[in-house]
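This report refers to the structure that appears directly beneath it.
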Amino acid sequence: MPTDREPLIHVEHLQKSFGDHEVLKDINADIYAGEVVAIIGPSGCGKSTFLRSINLLEKPTGGSISFEGVDVLDKSTNVNKLREKIGMVFQQFNLFPNMTVKKNIMLAPVKLKKMTEEEASVKADQLLARIGLSDKADVHPSKLSGGQQQRIAIARALAMNPDVMLFDEPTSALDPEMVGEVLLLIKDLVKDDMTMIIVTHEMGFAREIADRVFFINDGVIAEENTPAELFGNPQNERLKDFLSKVL
Ligand code: ADP
Ligand code: MG
């Protein structure tokens, strides 16, 4: 990635401990607009903690994060404004069960006064068409498959026109036959040059869509490289061991 421009996200010496359990020890990373970064690593290594630190769902215990040049950890930073720019998709879809699919997608932009009800409605219709679920606008999430619910969760995050999308194992809770439709949708976002950070155990997918892959181990990014290099020619012993188990 070009280094002649400012990164969208700049992470320096990031640390996060829960009590005396030091999960993130020293994370350093630059993520540029339009990049797709996949994060891999053993369960419990801190992938979610790292992702959640970026929009302050976890409060780091040390280091710094800047987002679009703004110091995320500065007391004067408006966390809600920050989160408006950062779409997040979780393993569990977290849709609001008491609302229709379309209302789920419209809620945040209207509530946060980013759009009028009408604008949000138009946007929701566009997103539903894009994800191929226009006919489900008025049903409740519980009537839908896991794959459909996750596609709607992605649409809901996109409704805010975020500058970056964070995905935390978006397919891990899905039955195998539904993984493909969600990966296909994420792949489609690559075409829009959406900046994305994706924690995933789908190595084939990471290899296919990521510009760079980060391997987190023992609280640091132990190796980062293009997918071809990282998967084809891993250097770190723990990465070699990890890949031998998951590939
Ligand atoms: P990963 O996503 O890589 O599987 P996590 O970031 O979820 O790992 O968790 C990293 C470590 O931090 C784990 O040991 C987990 O138990 C611990 N952890 C995560 N969240 C909390 C929390 N809220 N309180 C205490 N420990 C936590
Ligand atoms: Mg996790």
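Counting starts at 1 for both ligands and their atoms, in listed order. Values below: all heavy atoms of this structure, side chains included; hydrogens, waters and symmetry mates excluded.
Near ligand 1, residues Phe18, His21, Val23, Pro42, Ser43, Gly44, Cys45, Gly46, Lys47, Ser48, Thr49 each place a heavy atom inside the 4.0 Å sphere around the ligand atoms.
Using a 4.0 Å cut-off between charged nitrogen and carboxylate oxygen, Glu117 and Lys103 count as a salt-bridge pair. Ion pairing of Asp138 with Lys102 is absent here, as no side-chain N (NZ or NE/NH1/NH2) approaches a carboxylate O to less than 4.0 Å. Under the 4.0 Å criterion applied to side-chain N and carboxylate O atoms, Arg130 and Asp188 are assigned as salt-bridge partners.
Across Pro170 and Leu174, no two heavy atoms sit closer than the pair O-CD1, 4.0 Å. The minimum heavy-atom distance linking Ala29 with Phe214 is given by the pair CB-CE1, 3.8 Å.
Cation-pi geometry between Lys240 and Phe242 is not met at under 6.0 angstrom from the ring centre and within 45 degrees of the axis.
Around the Mg ion (ligand 2), the protein contributes the following N, O or S atoms at distances under 2.8 Å: Ser48 OG.
Between Leu128 and Asp135, every side-chain heavy-atom pair lies at or beyond the 4.5 Å cut-off.
No path of Ile, Leu, Val, Met, Phe, Trp and Tyr side chains, each step under 4.5 Å between heavy atoms, connects Leu51 with Leu158, placing them in separate hydrophobic clusters.
In this model, no donor atom of one side chain and acceptor atom of the other lie less than 3.5 Å apart for Asn161 and Lys114.
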